[in-house]
Amino acid sequence: NFTQFIEWPAEAFSSADSPLVIGIVGPDPFGAFIDQTVQGETLQGHNLIVERYNSVNEIGDCHILFIGFDNKGDVRSALDKVRTKPILTVSDADGFARNGGMIRFYSESGKIRIRINMEAVQDANLVISSKLLRLADIIPAANN
């Protein structure tokens, strides 16, 4: 649901009707559930599709990248691969947002919470709605 609160620059899409690609690299915690969830869904005129990448080298042109790795080296490699692109990076890995990722999901008191690294979001030329920001912990990058 959080995708409706993100704005990508026009150049992130090859055409007005090209799909919005959700990429998954590393272990996939979603399985068929995410495919079923996005089937037939659109966002801002873009059909949602899911692509899975077995390694960092396979990461293609996507708009959201879920990084399923727990190993900090693998997470860093994935972040480095997409750093200058308008790709929203998401993970549930410890320290993800503090180490350059954009959105980290975590559980607290039985609820799913999010941490957002606004510096990383802005560096990727993405815009996050204030509605989502109000629900998030905004954290500084590790080098601040």
Side-chain angles (χ1 to χ4, degrees), residues 1-13 18-144:
N1 288 337
F2 72 91
T3 58
Q4 62 189 325
F5 301 105
I6 311 297
E7 285 182 40
W8 284 266
E11 63 269 12
F13 298 93
S18 61
L20 185 143
V21 179
I22 300 169
I24 301 170
V25 66
D28 177 357
F30 310 109
F33 177 76
I34 193 167
D35 299 288
Q36 294 165 356
T37 301
V38 304
Q39 186 174 10
E41 293 293 322
T42 62
L43 180 70
Q44 301 168 3
H46 303 280
N47 290 328
L48 300 179
I49 63 169
V50 178
E51 292 183 354
R52 289 171 174 82
Y53 313 115
N54 293 316
S55 71
V56 169
N57 292 333
E58 291 181 11
I59 296 171
D61 291 332
C62 58
H63 301 90
I64 300 170
L65 180 64
F66 180 84
I67 300 173
F69 298 120
D70 287 328
N71 176 291
K72 286 185 181 183
D74 292 334
V75 171
R76 173 66 51 210
S77 293
L79 290 172
D80 288 346
K81 172 95 175 172
V82 301
R83 183 158 321 280
T84 60
K85 299 178 181 179
I87 297 174
L88 182 73
T89 56
V90 181
S91 184
D92 59 359
D94 288 340
F96 182 73
R98 290 204 184 279
N99 292 305
M102 295 178 199
I103 297 180
R104 177 184 178 228
F105 291 98
Y106 66 100
S107 180
E108 181 179 81
S109 302
K111 295 182 180 181
I112 299 296
R113 307 268 188 208
I114 57 174
R115 287 197 176 112
I116 298 177
N117 178 330
M118 282 304 297
E119 183 178 332
V121 170
Q122 292 164 346
D123 287 349
N125 200 24
L126 301 175
V127 176
I128 296 181
S129 165
S130 61
K131 291 178 184 179
L132 183 60
L133 293 175
R134 282 194 293 267
L135 301 174
D137 294 329
I138 309 300
I139 57 103
N143 57 1
N144 286 347

Go through the structure and list residues passing ring pair (Phe, Tyr, Trp, His ring centres under 6.0 Å) with Y106, not counting sequence neighbours. none
What's the separation between atom CZ in R52 and atom CD1 in I22, rounded to the nearest 0.5 Å? 10.0 Å
I'd like to know whether CG of D61 has more than 12 heavy-atom contacts from other residues, nucleotides or ligands below 6.0 angstrom. no
Euclidean distance, I116 CD1 relative to M102 CE, rounded to 0.5 Å: 11.0 Å
Checking ring pair (Phe, Tyr, Trp, His ring centres under 6.0 Å) against F66, which of F105, F96, F30 comes through? F30
For V75 and A93, the nearest pair of non-hydrogen atoms, with its separation, is CG2-CB, 4.5 Å
Nearest 0.5 Å, please: how far is CG in L65 from CD in E51? 10.5 Å
Report the distance from atom CZ of R115 to atom CG of D92, rounding to the nearest 0.5 Å. 12.5 Å
Hey, what's the ring geometry for W8 with F13, parallel, tilted or perpendicular (30° and 60° as the breaks)? perpendicular
What are the two closest heavy atoms between A124 and K85, and how far apart are they? CB-O, 3.5 Å
Please name the pair of heavy atoms, one in H63 and one in L20, separated by the smallest distance, quoted to 0.1 Å. ND1-CA, 3.5 Å
Would you say that more than 12 heavy atoms from the other residues, nucleotides or ligands in this model lie under 6.0 Å from the CD of Q44, or not? yes
Hey, could you give me the CD1/CZ distance between I67 and R104, rounded to the nearest 0.5 Å? 13.0 Å
Determine the minimum heavy-atom distance between N117 and G101, stating which atoms define it. CB-O, 3.1 Å
Atom CD1 in I103, atom OG in S91: separation rounded to 0.5 Å? 11.5 Å
